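All values derive from a computational prediction rather than experimental measurement.
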Protein chains: 2
Amino acid sequence: MPVRPPADGRRARGERRRRALLAATLRVIEREGVAGVSHRSVAREADLPVSSSTYYYATLDDLLIATLTWSAREMALGFGAVKPTPGSVARFLAEAVGVNRGRTLAEYELYLLAARRPELRPAARRWITLLSSVFGTMEPAAFLGFVAALDGLLIQGLIADFPPTAEQMEPVVSLLMPSR
Amino acid sequence: MPVRPPADGRRARGERRRRALLAATLRVIEREGVAGVSHRSVAREADLPVSSSTYYYATLDDLLIATLTWSAREMALGFGAVKPTPGSVARFLAEAVGVNRGRTLAEYELYLLAARRPELRPAARRWITLLSSVFGTMEPAAFLGFVAALDGLLIQGLIADFPPTAEQMEPVVSLLMPSR
DNA sequence: AAACTAGTGGGACAGGTGTTCAACTAGTTG
DNA sequence: CAACTAGTTGAACACCTGTCCCACTAGTTT
């Protein structure tokens, strides 16, 4: 908490609106993809006038970048709580392509955007660097393969007709993960 | 070659235009992403009037779907010629995120679109089924991990600041690939 | 020759877009 | 109290969009 600014009520409400806009944007992305994001669609989703969207995020790019990096941070937090065992990891993956499908999709929209815009790359890679802090003890080549496989399992899970279950994922994960 | 229709010159030219439109669309996708595709941008790229784009592909969706499935088939053909050795596979991957970066990006735009539109999924999975015909002898779990890792290596290669080289990929690939 | 058909392309329609702006309200500070 | 500042909002700008339509050309068939 900041101490200097003596709690300006206007700014506090402003911050709340900022967050509401980000959340609304994320919902739009989950529902329609990045393509569906416009100042107007976001404002409609947040039930706010259009100009409030442009007030806080002058350009659409600002809004998109802010939303995707925020979403990435949230997702990384979620994975931070996963125990480094094949079962837990498999369960996390199954949830990512199941219950949290929309969020995971948003994450890969970020990947694609990051491929074209270098400034988004650190945010897109946050997930990878997080993994390296959890599984850093692995042998380098094995670790790289492991991380790549996690991404592949997720993205392939997104284009499967029936999202894979934790039970289906587990053998694959434990094969890639040095059991100890 | 069809035998029945006695070679209608008009139709032949039409087919050529169809292809030109697909190629132009792919160039637009490589340059600006799916977001940059419009009947007008494609027509401009192909140096054709807008109405020729809508004549051959009545809706934008038709055009996008045709382009992405066509591109996927081409990419699958490219991989079909790769020998199932770690070195060859690593070289293929390095080229995919290097020289053929644009094409690979298009492939993952297809993935993302397929996640939201079931009718695109078979096209998106062509690559995976092709792999299974080449590496079908592997043990199931190992194979799934291998395929997932290939996807992961590609997509991570796309958001790297410097695209990984075949030399960097090789150890990872050979670890995932039963040497024989 | 006429009849038919595939392709061609210019123009128009209604609607959505990003962004700017000026008038306004309501909190905060001196 | 007045001065200042942050936030709020509707309206307006110029532009791009998908799609349709109609008059037209040029190949093909009878």
Side-chain angles (χ1 to χ4, degrees), chain A residues 1-25 27-29 31-68 109 113 116-117, chain B residues 1-25 27-29 31-68 109 113 116-117:
Chain A
M1 306 129 187
V3 186
R4 261 333 164 152
D8 188 330
R10 298 170 298 178
R11 273 189 133 99
R13 295 207 310 150
E15 275 315 305
R16 244 178 292 137
R17 267 202 171 184
R18 268 197 137 85
R19 263 179 235 275
L21 284 167
L22 288 191
T25 308
R27 285 197 300 276
V28 172
I29 295 179
R31 198 191 322 125
E32 309 169 44
V34 166
V37 175
S38 75
H39 275 140
R40 282 170 173 85
S41 66
V42 167
R44 214 179 302 131
E45 174 77 26
D47 201 33
L48 290 174
V50 196
S51 34
S52 81
S53 179
T54 65
Y55 177 76
Y56 288 102
Y57 301 96
T59 82
L60 243 204
D61 247 45
D62 292 343
L63 180 56
L64 260 184
I65 291 174
T67 302
L68 288 173
E109 303 247 16
L113 229 56
R116 296 184 199 277
R117 299 159 175 248
Chain B
M1 309 125 185
V3 186
R4 263 330 163 153
D8 188 329
R10 298 171 297 179
R11 272 190 134 98
R13 295 206 309 150
E15 275 314 306
R16 243 176 293 139
R17 267 200 170 187
R18 268 198 139 83
R19 263 179 234 276
L21 284 167
L22 288 192
T25 307
R27 285 198 300 276
V28 173
I29 295 178
R31 197 189 324 123
E32 309 169 44
V34 166
V37 175
S38 75
H39 275 140
R40 283 170 171 85
S41 67
V42 168
R44 213 178 303 130
E45 175 76 28
D47 201 32
L48 290 173
V50 195
S51 35
S52 79
S53 180
T54 66
Y55 177 76
Y56 289 102
Y57 301 95
T59 82
L60 242 204
D61 247 46
D62 292 342
L63 180 57
L64 259 184
I65 290 174
T67 302
L68 289 174
E109 303 247 17
L113 228 54
R116 295 186 200 276
R117 301 160 175 246

Check residues 34-41 of chain B and write down every donor-acceptor pair under 3.5 Å in which the side-chain atom is one partner and the other belongs to a residue at least two apart or another chain.
{"unit_1": "Ser38(B)", "atom_1": "OG", "unit_2": "Arg40(B)", "atom_2": "N", "d": "3.3"}
{"unit_1": "Ser38(B)", "atom_1": "OG", "unit_2": "Ser41(B)", "atom_2": "N", "d": "2.9"}
{"unit_1": "Ser38(B)", "atom_1": "OG", "unit_2": "Ser41(B)", "atom_2": "OG", "d": "3.4"}
{"unit_1": "His39(B)", "atom_1": "NE2", "unit_2": "Tyr57(B)", "atom_2": "O", "d": "3.4"}
{"unit_1": "Ser41(B)", "atom_1": "OG", "unit_2": "Gly36(B)", "atom_2": "O", "d": "2.9"}
{"unit_1": "Ser41(B)", "atom_1": "OG", "unit_2": "Ser38(B)", "atom_2": "N", "d": "2.9"}
{"unit_1": "Ser41(B)", "atom_1": "OG", "unit_2": "Ser38(B)", "atom_2": "O", "d": "3.1"}

Task: Thr25(B) side, atom OG1; Arg27(B) side, atom CZ - distance, nearest 0.5 Å - done: 9.0 Å
Task: Spacing of CD1 belonging to Ile65(B) relative to CZ belonging to Arg117(B), to within rounding of 0.5 Å - done: 6.0 Å
Open item on the list: Taking the nucleotide of DNA chain D with the nearest heavy atom to each, does Thr59(B) or Arg13(B) sit closer to the 5' end?
Closed with: Thr59(B)
Candidate nucleotides [options], ranked by approach to the side chain of [X] - the nearest:
X: Tyr56(B); options: dG7(C), dG9(C), dT28(D); answer: dG7(C)
X: Arg17(B); options: dG9(C), dG7(D), dA26(D); answer: dG9(C)
X: Arg10(A); options: dA6(C), dT5(D), dG9(C); answer: dT5(D)

Distance, rounded to the nearest Å, where [X] contributes [atom1] and [N] contributes [atom2]:
X: Asp61(B); N: dT17(D); atom1: CG; atom2: P; answer: 16 Å
X: Asp8(A); N: dA26(C); atom1: CG; atom2: C1'; answer: 11 Å
X: Leu48(A); N: dG7(D); atom1: CG; atom2: C1'; answer: 12 Å
X: Leu64(A); N: dT19(C); atom1: CG; atom2: P; answer: 11 Å

Measuring to OP1 and OP2 of [N], would you say a side-chain N or O of [X] lies under 4.0 angstrom away?
X: Arg11(A); N: dT28(C); value: no
X: Tyr55(B); N: dG7(C); value: yes
X: Tyr57(B); N: dG18(D); value: no

TODO: Over all heavy atoms of both residues, which pair between Ala58(B) and Asp62(B) is shortest? Give the atoms and the distance, please.
DONE: N-OD2, 3.8 Å
Task: Closest contact, heavy atoms only, Glu109(A) versus Arg116(B) - done: OE2-NH2, 2.6 Å
Task: Summary of protein contacts for nucleotides 11-17 of chain C, nucleotide by nucleotide, where a base hit scores B, a sugar-phosphate-only hit scores S (4.0 Å, heavy atoms) - done: -B----B
- [ ] Output, in order, the C-alpha distance, side-chain angles, deciding distance and verdict of side chain to side chain contact (heavy atoms under 4.5 Å, CB included) for Leu64(A) and Thr67(A).
- [x] CA-CA 5 Å; Leu64(A) 260 184; Thr67(A) 302; 5.5 Å; no
- [ ] Could you list the residues that satisfy salt bridge (Lys or Arg N to Asp or Glu O under 4.0 Å) with Arg44(B), not counting sequence neighbours?
- [x] none
What donor-acceptor contacts under 3.5 angstrom involve side-chain atoms of residues 13-24 of chain A, with partners at least two apart or in another chain?
{"unit_1": "Arg18(A)", "atom_1": "NH2", "unit_2": "Tyr56(A)", "atom_2": "O", "d": "3.3"}

Open item on the list: Roughly what angle, to 10°, lies between the helix axis at the start of the helix from dA1(C)-dT30(D) to dG30(C)-dC1(D) and the one at its end, five pairs per end?
Closed with: 10°
- [ ] Go through the structure and list residues passing side-chain hydrogen bond (donor to acceptor under 3.5 Å, both in side chains) with Arg11(A), not counting sequence neighbours.
- [x] none
